[in-house]
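Take a look at the structure set out below.
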2 protein chains.
Amino acid sequence: MLRIGKLTDYGLVVLNQLALAGAVKQSTDDISQATGLTVATVRKVMKAIVDAGLVNAQRGSKGGYRIALAPAQISVLDVVQAFEGPISLTECSADDNQCEITDSCSLSSNWTGINDLLLRVLGDITLDDIRNPGVQDTLHHQIVDQLQRIQLVNL
Amino acid sequence: MLRIGKLTDYGLVVLNQLALAGAVKQSTDDISQATGLTVATVRKVMKAIVDAGLVNAQRGSKGGYRIALAPAQISVLDVVQAFEGPISLTECSADDNQCEITDSCSLSSNWTGINDLLLRVLGDITLDDIRNPGVQDTLHHQIVDQLQRIQLVNL
DNA sequence: AAATACCCTACCAAATTAGTATGGTATTAC
DNA sequence: GTAATACCATACTAATTTGGTAGGGTATTT
């Protein structure tokens with residue numbers, strides 16, 4: 001299926017809501033109501049995106065959450081990594097490669113390249129892009145430009 | 001983690017082996033020995049790639065498997081789909097979208113676009129590309145060209 | 001007819017993910 | 001300074017998915 005986790009998905013939805021609220025602090029309850037997620041689930045989501053530094057939290061009465069960066073500064077990659085850790089399509093493209101046949105497997109180095117490519121694509125898509133339908137055209141160009149500029153080392 | 005399944009990975013390894021063997025038919029045992037995978041696992045792998053039409057099987061004595069297409073005709077996407085079905089990063093980008101908040105969620109249409117982009121990237125990388133280190137430079141250009149040509153409708 | 005080798009289905013175990021509950025801590029307001 | 005508010009940390013359970021295995025069935029060749 002190659003699907004991202006539901007929590008990651010929720011994370012984007014919550015971030016979208018926080019972007020909407022702007023400077024107005026949102027409590028767990030507020031977010032729960034606005035998104036339809038249960039309070040318990042929201043809490044779990046918040047932990048991940050607070051830890052990742054994407055959202056600021058303030059405790060106590062009058063506390064709540066506020067988005068920490070501009071939507072254009074938050075990439076889909078940031079969110080995915082906040083919930084699922086580093087992306088590695090295969091065992092051999094992980095940092096702690098534990099694949100036993102890496103030596104004899106000629107595909108290994110190439111997976112790394114594909115993995116990098118995916119990273120860059122997801123890194124180029126920002127929260128702003130997926131919120132605002134108008135920006136989509138430019139998004140495509142950005143990706144192409146980026147790809148041309150970096151000349152993917154391993155790919 | 002956003003990782004492809006091990007079986008998918010095995011599939012690529014097996015296809016690599018079959019590409020190596022060329023016209024020479026390989027039995028389940030042959031493949032098992034060449035790849036280090038157990039016979040039972042190889043059987044499971046074979047079913048998927050035979051069903052997908054990537055490999056031809058012949059039964060009976062003197063039977064075995066043979067790759068059905070040229071390595072340049074088999075994309076990583078083909079293999080991923082053979083094992084994991086259609087790619088849909090999120091619930092809402094699946095064919096049978098069951099997400100309950102799709103209507104109220106403004107992100108839905110954009111996920112579809114990201115999903116498409118990933119499809120195209122994986123569809124452009126062929127078995128030949130990941131087998132042959134020399135082709136990697138041209139691969140990058142192919143992807144860029146492709147992206148520019150198609151002008152991603154939804155993205 | 002016997003040997004070879006693929007085919008199909010079902011089952012079990014392990015790992016991951018989703019969802020929930022509970023008690024703790026910081027901050028504000030009165 | 002105490003009570004109310006609201007975030008924090010951890011742990012646990014259940015559901016789902018994935019990986020691995022087994023066993024009996026069918027087609028083809030010699």
Side-chain angles (χ1 to χ4, degrees), chain A residues 1-11 13-14 18 24-33 35-66 68 80 82-85 88-91 94 98-100, chain B residues 1-11 13-14 18 24-33 35-66 68 80 82-85 88-91 94 98-100:
Chain A
M1 250 180 303
L2 197 62
R3 181 171 296 193
I4 64 174
K6 284 195 182 184
L7 281 182
T8 307
D9 201 356
Y10 298 160
V13 173
V14 168
L18 287 178
V24 181
K25 285 197 281 262
Q26 301 278 293
S27 73
T28 306
D29 273 334
D30 293 338
I31 298 173
S32 169
Q33 287 190 344
T35 59
L37 301 170
T38 73
V39 176
T41 300
V42 171
R43 268 203 280 269
K44 201 168 188 175
V45 169
M46 299 324 288
K47 175 175 171 48
I49 51 184
V50 167
D51 285 353
L54 306 178
V55 166
N56 290 324
Q58 191 187 344
R59 301 214 237 192
S61 173
K62 292 277 180 183
Y65 297 100
R66 222 167 0 183
V80 171
F83 286 93
E84 320 194 12
S88 53
L89 282 179
T90 59
E91 192 80 40
Q98 295 183 349
C99 175
E100 296 168 357
Chain B
M1 247 181 302
L2 197 61
R3 180 170 296 194
I4 63 173
K6 283 195 182 183
L7 280 182
T8 307
D9 202 357
Y10 297 160
V13 173
V14 167
L18 287 178
V24 181
K25 284 196 283 264
Q26 301 278 291
S27 73
T28 306
D29 273 335
D30 293 338
I31 298 172
S32 170
Q33 287 191 345
T35 60
L37 302 169
T38 72
V39 176
T41 299
V42 171
R43 268 205 280 268
K44 201 169 188 175
V45 170
M46 300 322 289
K47 174 174 171 48
I49 50 183
V50 167
D51 284 353
L54 306 177
V55 166
N56 290 324
Q58 190 184 346
R59 300 214 239 192
S61 173
K62 292 277 178 183
Y65 297 99
R66 221 168 2 183
V80 171
F83 286 93
E84 319 194 12
S88 53
L89 282 180
T90 58
E91 193 79 40
Q98 296 182 347
C99 176
E100 296 168 357

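Chain naming here is simple, since letters A, B, ... match the order of the sequence lines and numbering starts at 1 in each. As the structure is a computational prediction, the values presented were derived from the model and not from experiment.
- Distance CD (B:Q26) to P (C:dT4): 18 Å, rounded to an integer number of Å.
- In this structure, A:K47 and A:G63 both approach DNA chain D, and ranking their closest nucleotides by distance from the 5' end singles out A:G63.
- Side chains of A:T90 and B:I4 form a contact here, defined as non-hydrogen atoms less than 4.5 Å apart.
- With values rounded to the nearest 0.5 angstrom, A:Y65 atom OH is found 7.0 Å from A:I31 atom CD1.
- Judged by distance alone, with hydrogens and angles left aside, the side-chain atoms of B:D9 form no donor-acceptor pair with the main-chain N or O of B:K6 at under 3.5 Å.
- Among the nucleotides C:dG19, C:dC8, C:dT22, the one closest to any side-chain atom of A:R43 is C:dT22.
- With sequence neighbours left out, B:S32 forms a side chain to side chain donor-acceptor pair (under 3.5 Å) with no residue at all.
- When each of A:G5 and B:M46 is assigned the nucleotide of DNA chain C bearing its nearest heavy atom, the one mapping closer to the 5' terminus is B:M46.
- With sequence neighbours left out, B:T41 forms a side chain to side chain donor-acceptor pair (under 3.5 Å) with B:T38.
- Side-chain nitrogen and oxygen atoms of A:Y10 include none within less than 4.0 Å of the OP1 or OP2 phosphate oxygen of C:dA18.
- OP1 or OP2 of D:dT21 sits under 4.0 Å from a side-chain N or O of B:T38.
- Using a 4.5 Å heavy-atom threshold, the side chains of B:R3 and A:E84 count as separate.
- Between A:T28 and D:dC7 there is a side-chain N or O to OP1 or OP2 distance below 4.0 Å.
- Atom CG in A:D9 sits about 14 Å away from atom C1' in C:dT17, given to the nearest Å.
- Atom pair A:E84:CD and D:dT17:P shows a separation of 15 Å (rounding to whole Å applied).
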Practice task
Any chance you could list the contact pattern along nucleotides 25-30 of chain D? Use B for base contacts, S for sugar-phosphate-only contacts and - for none, protein heavy atoms under 4.0 Å, 5' to 3'.
Solution key: BBBBSS

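- Residues passing the side chain to side chain donor-acceptor pair (under 3.5 Å) test with B:T28, sequence neighbours excluded: none.
- The interatomic distance linking A:N56 (CG) with D:dA6 (P) rounds to 18 Å, in whole Å.
- Residue B:Y65 places its side chain closer to C:dC6 than to any other of C:dC6, C:dG19, C:dT9.
- Taking five base pairs at each end of the helix from C:dA1-D:dT30 to C:dC30-D:dG1 and finding the rotation axis that steps the C1' atoms of four pairs onto the next four gives two axes whose angle is 20°, to the nearest 10°.
- As judged by a 4.0 angstrom heavy-atom cut-off over every strand, B:A57 is placed among residues touching the sugar-phosphate backbone only.
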Only distances under 3.5 Å count here; give the side-chain donor-acceptor pairs of residues 45-58 of chain A to other protein atoms, sequence neighbours excluded, each with its distance to 0.1 Å.
{"from": "A:K47", "atom 1": "NZ", "to": "A:D51", "atom 2": "OD2", "distance (Å)": "3.0"}
{"from": "A:Q58", "atom 1": "OE1", "to": "A:K25", "atom 2": "NZ", "distance (Å)": "3.0"}

Problem - CA sep, side-chain torsions, deciding dist, call: A:T8, B:L2, side chain to side chain contact (heavy atoms under 4.5 Å, CB included) - result: CA-CA 11 Å; A:T8 307; B:L2 197 61; over 6 Å; no

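- Nearer to the 5' terminus of DNA chain D, by closest-nucleotide assignment, is the contact made by A:K44 (compared with the other of B:K6 and A:K44).
- The CG-C1' distance, from B:L2 to C:dT17, rounds to 14 Å in whole Å.
- Distance CZ (B:F83) to P (D:dT17): 19 Å, rounded to an integer number of Å.
- When the C1' atom of D:dT21 is taken as reference, atom CG of B:L37 falls 14 Å away, rounded to whole Å.
- Rounded to whole angstrom, the span from the CG atom of A:D29 across to the P atom of D:dA4 amounts to 17 Å.
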